[in-house]
J.: 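Handing you this structure, nothing more for now.
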Amino acid sequence: MRTDLHRHLTSPLTAVRNLGILAHVDAGKTTLTERILYLTGATHKRGEVHDGTTVTDFDPQERDRGITIFAAAVSCAWDGHRINLIDTPGHVDFSDEVERSLRVLDGAIAVFDAVAGVEPQSESVWRQADRHGVPRIAFVNKLDRAGADLDTAVASIRDRLHTVPLVVQLPIGKEDGFTGVVDLLRMRALVWPDDGGTPEEGRVPDALLEEAHRRRRLLEETVAELHPVALEEFCAGSKVSAQTLAAALRDLTRTGEGVVVLCGTAYRNRGIEPLLEAVVAYLPSPLDVPAVRGTLDGAVQERVADPAAPFAALVFKVSSTATGRLTYLRVYSGTIGKGDTVLDVGARRNERVGRILRVQAGRHSDVERAVAGDIVAVVGLKAARTGATLCTPAAPLVLEPPSVAAPVVSVAVEARRSIDAGRLVSALVRLVEEDPSLSVRTDPETGQTVLSGMGELHLEVAVEKIRRAHGLDVGVGRPQVAYRETVARGVSALVYRHVKQDGGAGQFAHVVLDTEPLEASGDNDTGRAVDFVFRSTVVGGRVPQEYVRAVEAGCRDALAEGPLGGHPVTGLRVTLTDGATHSKDSSEMAFRTAGRLALREALRSSVMVLLEPVVEVTVTVPGDAVGGVLGDLAARRGRVSGSTSRAGTAVITATVPLAELFGYATRLRSRTQGRGTFTTRATGYAPAPGAVLNRTPPR
């Protein structure tokens, strides 16, 4: 079944699949990717995560820690199709790597642990894929583990992800005895040998025949409820043919109305062939997804996936290697060749493409050109950043860049030797260029260099990268979380007059503001939310529209520093209710200044609350350690929201302030003799205890 990758590099777009592997940490994403590469002939030896020999976990830190940290792109071929695959991280601290990958993918395989089912980060990446409209199929992995149960995992998919699972396989054997699957579409059995070689196809075992027919009937009924063609056939003959089922499953996958569920064990190399067949059959090609949309001078344009169309590509990753700077592109339209000149639209500069590389994680091979639908890396671009749009200079277009989450944890970093200070600055600049979810600033009060990121592990990895890649001895201060301030009770009809006369034209602006809390909205899975809403109810033209916009800009300026501790202000609604102008002295600058100073005064008069980032913690511990773990969570101001027991272990879910989790991994190991594990998922912000300003604001 193996095929030669190079034979398919010129495949038409219908034979291309751009997909990612999504899952919670330790669900088996990297092992699954490794088996796919081996089965398709892209590699000739099966790598193992525990041995540090996998293709996609090629960074030294990934091999040391045994987890995926950086999204890695690989290519392989299967049944005449080219598959561009991105293995994404599963740890919550690296969710922005997933976000950038999903922005350029057409489909995905969501991997679930057959014992744990849907885990916290599984749910988070699923919601990310929902936002991007990325079709998915599900693979329930690790069916060979003790306690593995396909039906329980499917139930968690249905209940927690609120989707319709369309199970197309029935396992043959349980746990250690899992040897194969029954294909419910073709009603055939696939059984793998002990060495995980080519499966043997045969009849459905007699012991499973009745159950297989029952599940096939259930699949037909579920699909008929969702798909009109299948419903028509089901009503006419009380059954649905395999051909109609396959077509309906493809349609339901691509519209997101259902998710096809397959099963297997990647570690034992069982279930990979049917999964690849499902990728080809159900996930879309670049021609099956809507044309990419961009803007030019405010006008929306579309670019179809056509190699003959004007070139347009999105930069979704930048990395530095020993051989130079690699810029990863998803080509949406047109063709790019070695030596071509492209326009970086945002930077308004032309760049020359030196080389085009087909990426195989840490290895690369040169190609002469890339066409619409390709995911490649290019060498030679000096300034293109993540999120940049590259176009042919004659037909510019701006594509929507991937969103970047706000950092929540910060540490102070400094070079231990003063002569290395300049090198540290250069290393930090390169680090932020490669990972936009990191940010660097200088604290104006202490003069310290502050590195901010998505979590403690995220910053730990970033600092270690500086040490290894640049040979710098770096000192790190205690992590600090990113607080926010919000309004618990606002003020009404706050009047502010800005009058300034210092010779020549003066400044005059009169504004009246209301402030009030903004109801929580947005995506709590990622911490992204609507932070500020401004509206005007001024009537009679008392404040012209251009001055209203200036007042809004001034209010946004004031949000940068709140009255409690200079933290950014969030969750605020401001209403401009009245105002006045002067025929000569009013200007946009005057009203912007008035808006800024008026909101600052309003915030000082409001009831303000300090917000701290909180996370949902899922702790898995032995049953005899539950009491100690619960006590420790309570000491960390945790609120337990659930507890379940299975197979001698307890799974505890709690909401805990992020600041209280520093060093928790060490404490949990000591309390459970190294048997406890935990994962986190960002849930947003919550009031910090005792941090309130002006409890009795003026009436």
Side-chain angles (χ1 to χ4, degrees), residues 14-15 17 19 78-81 106-110 129-130 133-140 150-159 161-172 180-191 199 201-264 271 273-285 287-290:
T14 54
R17 298 291 183 272
L19 63 128
W78 175 263
D79 193 26
H81 292 71
D106 300 327
I109 301 172
D130 279 343
V134 175
R136 281 139 284 170
I137 59 177
F139 182 71
V140 179
L150 175 62
D151 292 339
T152 302
V154 169
S156 71
I157 292 173
R158 180 186 300 107
D159 297 339
L161 303 182
H162 307 294
T163 188
V164 180
L166 305 169
V167 184
V168 297
Q169 292 178 339
L170 170 66
I172 299 175
V181 297
V182 174
D183 179 350
L184 297 178
L185 263 71
R186 304 180 192 177
M187 293 304 289
R188 59 171 183 166
L190 294 173
V191 179
E201 183 176 338
R203 293 175 56 253
V204 179
D206 293 338
L208 293 176
L209 193 57
E210 182 179 347
E211 179 66 9
H213 281 297
R214 187 186 72 81
R215 293 188 180 232
R216 167 61 183 261
R217 179 73 175 182
L218 180 62
L219 176 63
E220 292 177 358
E221 292 173 352
T222 306
V223 170
E225 290 177 0
L226 300 172
H227 196 274
V229 176
L231 176 61
E232 183 178 345
E233 186 173 315
F234 186 79
C235 292
S238 190
K239 64 178 182 178
V240 182
S241 67
Q243 293 79 7
T244 302
L245 264 182
L249 291 172
R250 179 172 61 251
D251 293 341
L252 295 173
T253 298
R254 294 178 183 181
T255 60
E257 296 176 78
V259 56
V260 173
V261 180
L262 301 97
C263 60
E273 292 93 340
L275 178 63
L276 286 169
E277 291 173 2
V279 164
V280 169
Y282 305 132
L283 291 179
S285 74
L287 292 179
D288 297 320
V289 297

J.: When you look at Arg217 and Ser238, which way does the side chain to side chain contact (heavy atoms under 4.5 Å, CB included) test go after all the steps?
T.: CA-CA 10 Å; Arg217 179 73 175 182; Ser238 190; 3.2 Å; yes
J.: So which atom in Ala248 and which in Ala230 form the shortest heavy-atom distance, rounded to 0.1 Å?
T.: CB-CB, 4.4 Å
J.: Got a sec, which residues hit side chain to side chain contact (heavy atoms under 4.5 Å, CB included) with Pro171, two or more places apart in sequence or on another chain?
T.: Leu143, Leu150, Phe178, Cys263
J.: To the nearest 0.5 Å, tell me how far Ile109 CD1 sits from Leu262 CG.
T.: 9.0 Å
J.: Find the distance between CD (Glu273) and CG (Leu190) and round it off to the nearest 0.5 Å.
T.: 8.0 Å
J.: Could you give the distance from CD (Gln169) to CG (Leu184), rounded to the nearest 0.5 Å?
T.: 7.5 Å
J.: Salt bridge between Glu210 and Arg214, side-chain N to carboxylate O under 4.0 Å?
T.: no
J.: Test side chain to side chain contact (heavy atoms under 4.5 Å, CB included) on Ile157 and Thr163; report intermediate values, then the result.
T.: CA-CA 7 Å; Ile157 292 173; Thr163 188; 3.8 Å; yes
J.: Roughly how far apart are Leu209 CG and Arg203 CZ, rounded to 0.5 Å?
T.: 7.5 Å
J.: Taking side chain to side chain donor-acceptor pair (under 3.5 Å) as the definition, give me every residue that meets it alongside Asp288, ordered by chain and number, with sequence neighbours left out.
T.: Arg254, Ser285
J.: What's the shortest heavy-atom distance between Arg216 and Leu245, and which atoms?
T.: NE-CD1, 3.4 Å
J.: Tell me every residue that passes side chain to side chain donor-acceptor pair (under 3.5 Å) with Glu233, counting only those two or more places apart in sequence or in another chain.
T.: Ser241, Thr244
J.: Can you sort out the partners of Glu201 under side chain to side chain donor-acceptor pair (under 3.5 Å), two or more places apart, ordered by chain and number?
T.: Arg188
J.: Check the pair Asp183 / Val168 against side chain to side chain contact (heavy atoms under 4.5 Å, CB included), numbers first and verdict last.
T.: CA-CA 6 Å; Asp183 179 350; Val168 297; 5.5 Å; no
J.: Can you sort out the partners of Arg250 under salt bridge (charged side-chain N to carboxylate O under 4.0 Å, His left out), two or more places apart, ordered by chain and number?
T.: none
J.: Where do Glu277 and Trp78 come nearest, in terms of heavy atoms and distance?
T.: N-NE1, 4.0 Å
J.: Which atom pair, heavy atoms only, marks the closest approach of Gly258 to Leu166?
T.: CA-CD1, 4.1 Å
J.: Quick one: closest heavy-atom pair of Val259 and Ala138, and the distance?
T.: CG2-N, 3.7 Å
J.: Which distance, rounded to the nearest 0.5 Å, do you find between the CZ of Arg158 and the CG of Asp151?
T.: 9.0 Å
J.: Specify the closest pair of heavy atoms between Thr255 and Leu252, including all atoms of both residues, with the distance to one decimal.
T.: OG1-O, 3.3 Å
J.: Do Val279 and Ile137 come within less than 4.5 Å of each other through their side chains, counting heavy atoms only?
T.: yes
J.: Got a second to check how far Leu170's CG is from Ile172's CD1, nearest 0.5 Å?
T.: 7.5 Å
J.: According to side chain to side chain donor-acceptor pair (under 3.5 Å), who are the partners of Arg17, at least two apart in sequence or on a separate chain?
T.: none
